[in-house]
Amino acid sequence: QPKPVQVKLVLLGEAAVGKSSLVLRFVNNEFHENKEPTIGAAFLTQKCRLEDKIIKFEIWDTAGQERFASLAPMYYRNAQAAVVAYDITKQVSCPFLHALSKTPQKHPFKPKHYIALVGNKLDLESERTVPTEEAQAYATEQGLLFTEASAKTGEYVMEVFTEIAKKIPLE
Ligand code: GTP
Ligand code: MG
């Protein structure tokens with residue numbers, strides 16, 4: 001059994017895009033229809049077992065509501081990986097992503113760190129306003145991993161974390 005490699009991961013994104021729901025699906029394989037907004041941040045852990053390694057994610061699930069915006073840097077400052085979520089039925093207006101595209105040199109993540117852009121609520125395909133190609137193109141341009149997923153159905157949620165885990169080098 002390989003020793004787990006610990007990786008601090010931060011969940012970022014606007015309020016109500018489903019950050020906590022993605023984590024709840026990944027950690028407990030559960031979904032709550034009326035999930036309450038996160039206050040400050042929540043901490044959870046989950047292991048990802050790959051063929052050659054075990055990654056133990058230490059997850060900081062941040063609050064997306066505007067009144068908590070000033071807290072986010074405190075959580076992403078020490079993170080080695082990030083999941084930036086948006087809702088495929090809403091226009092993307094993640095301030096973090098704007099900052100990322102405008103001032104890459106000031107970006108808090110170093111190039112060695114791993115960031116995944118995740119379009120959540122894939123089950124609401126009929127209400128989609130963000131085309132897959134647009135988000136994919138943006139992710140490619142910024143060098144981010146990209147997945148669309150649904151915390152509700154569970155579709156592609158494991159993949160989000162597994163893709164990051166695969167990229168983490170063995171120590
Ligand atoms: P904050 O903590 O305020 O930043 O919100 P959040 O990004 O953590 O969102 P949360 O997980 O609390 O989900 C917000 C609402 O969207 C809840 O009512 C969830 O049930 C719902 N939701 C989350 N993921 C999905 C999804 O994949 N599909 C659908 N249909 N609803 C979802
Ligand atoms: Mg939340």
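Numbers for residues simply follow the sequence, beginning at 1. Just so it is clear, the values below take in all heavy atoms, side chains as well, and ignore hydrogens, waters and symmetry mates. In each ligand, atom 1 is the first atom listed, and ligand 1 is the first ligand listed.
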List, for ligand 1, each N/O atom that has a protein N/O partner under 3.5 Å away, with both atom names and the distance.
from: ligand 1; atom 1: 2 (O); to: T38; atom 2: N; distance (Å): 2.8
from: ligand 1; atom 1: 2 (O); to: T38; atom 2: OG1; distance (Å): 2.9
from: ligand 1; atom 1: 4 (O); to: K19; atom 2: NZ; distance (Å): 2.6
from: ligand 1; atom 1: 4 (O); to: G64; atom 2: N; distance (Å): 2.7
from: ligand 1; atom 1: 5 (O); to: A16; atom 2: N; distance (Å): 2.9
from: ligand 1; atom 1: 7 (O); to: V17; atom 2: N; distance (Å): 3.3
from: ligand 1; atom 1: 7 (O); to: G18; atom 2: N; distance (Å): 3.0
from: ligand 1; atom 1: 7 (O); to: K19; atom 2: N; distance (Å): 2.9
from: ligand 1; atom 1: 7 (O); to: K19; atom 2: NZ; distance (Å): 2.7
from: ligand 1; atom 1: 8 (O); to: S20; atom 2: N; distance (Å): 2.9
from: ligand 1; atom 1: 8 (O); to: S20; atom 2: OG; distance (Å): 2.9
from: ligand 1; atom 1: 9 (O); to: G18; atom 2: N; distance (Å): 3.1
from: ligand 1; atom 1: 11 (O); to: S20; atom 2: N; distance (Å): 3.4
from: ligand 1; atom 1: 11 (O); to: S21; atom 2: N; distance (Å): 2.9
from: ligand 1; atom 1: 11 (O); to: S21; atom 2: OG; distance (Å): 2.6
from: ligand 1; atom 1: 16 (O); to: K121; atom 2: NZ; distance (Å): 3.1
from: ligand 1; atom 1: 18 (O); to: E33; atom 2: O; distance (Å): 2.9
from: ligand 1; atom 1: 20 (O); to: H32; atom 2: O; distance (Å): 2.8
from: ligand 1; atom 1: 20 (O); to: E33; atom 2: O; distance (Å): 2.8
from: ligand 1; atom 1: 24 (N); to: N120; atom 2: ND2; distance (Å): 3.1
from: ligand 1; atom 1: 27 (O); to: N120; atom 2: OD1; distance (Å): 3.4
from: ligand 1; atom 1: 27 (O); to: D123; atom 2: OD1; distance (Å): 3.4
from: ligand 1; atom 1: 27 (O); to: S150; atom 2: OG; distance (Å): 3.4
from: ligand 1; atom 1: 27 (O); to: A151; atom 2: N; distance (Å): 2.9
from: ligand 1; atom 1: 27 (O); to: K152; atom 2: N; distance (Å): 3.2
from: ligand 1; atom 1: 28 (N); to: D123; atom 2: OD1; distance (Å): 2.7
from: ligand 1; atom 1: 28 (N); to: D123; atom 2: OD2; distance (Å): 3.4
from: ligand 1; atom 1: 30 (N); to: D123; atom 2: OD2; distance (Å): 2.8

My understanding is that only residues two or more places apart in sequence, or in another chain, count here; which of them pass salt bridge (charged side-chain N to carboxylate O under 4.0 Å, His left out) with K152? E33

Residues at least two apart in sequence or cross-chain that pass salt bridge (charged side-chain N to carboxylate O under 4.0 Å, His left out) with E125, listed by chain then number, are R128

Determine the minimum heavy-atom distance between G40 and F68, stating which atoms define it.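 Closest approach of G40 to F68: N-CE2, 3.5 Å.
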
Any side-chain to backbone donor/acceptor pair from [X] onto [Y]? Under 3.5 Å, distance only.
{"X": "K19", "Y": "G13", "result": "yes"}
{"X": "K56", "Y": "K8", "result": "no"}
{"X": "K53", "Y": "K166", "result": "yes"}

Using a cut-off of 6.0 Å, state whether more than 12 heavy atoms not belonging to K35 lie near its atom NZ.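 More than 12 within 6.0 Å, yes.
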
Linked, directly or transitively: L144 and V17 (ILVMFWY side chains, under 4.5 Å):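 L144 and V17: separate clusters.
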
Examine F26 and L24 and state if one hydrophobic cluster contains both, with Ile, Leu, Val, Met, Phe, Trp and Tyr joined whenever side-chain heavy atoms are less than 4.5 Å apart. no

If you leave out waters, which protein N, O or S atoms are less than 2.8 Å from the Mg ion (ligand 2)?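 Atoms qualifying: S20 OG, T38 OG1.
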
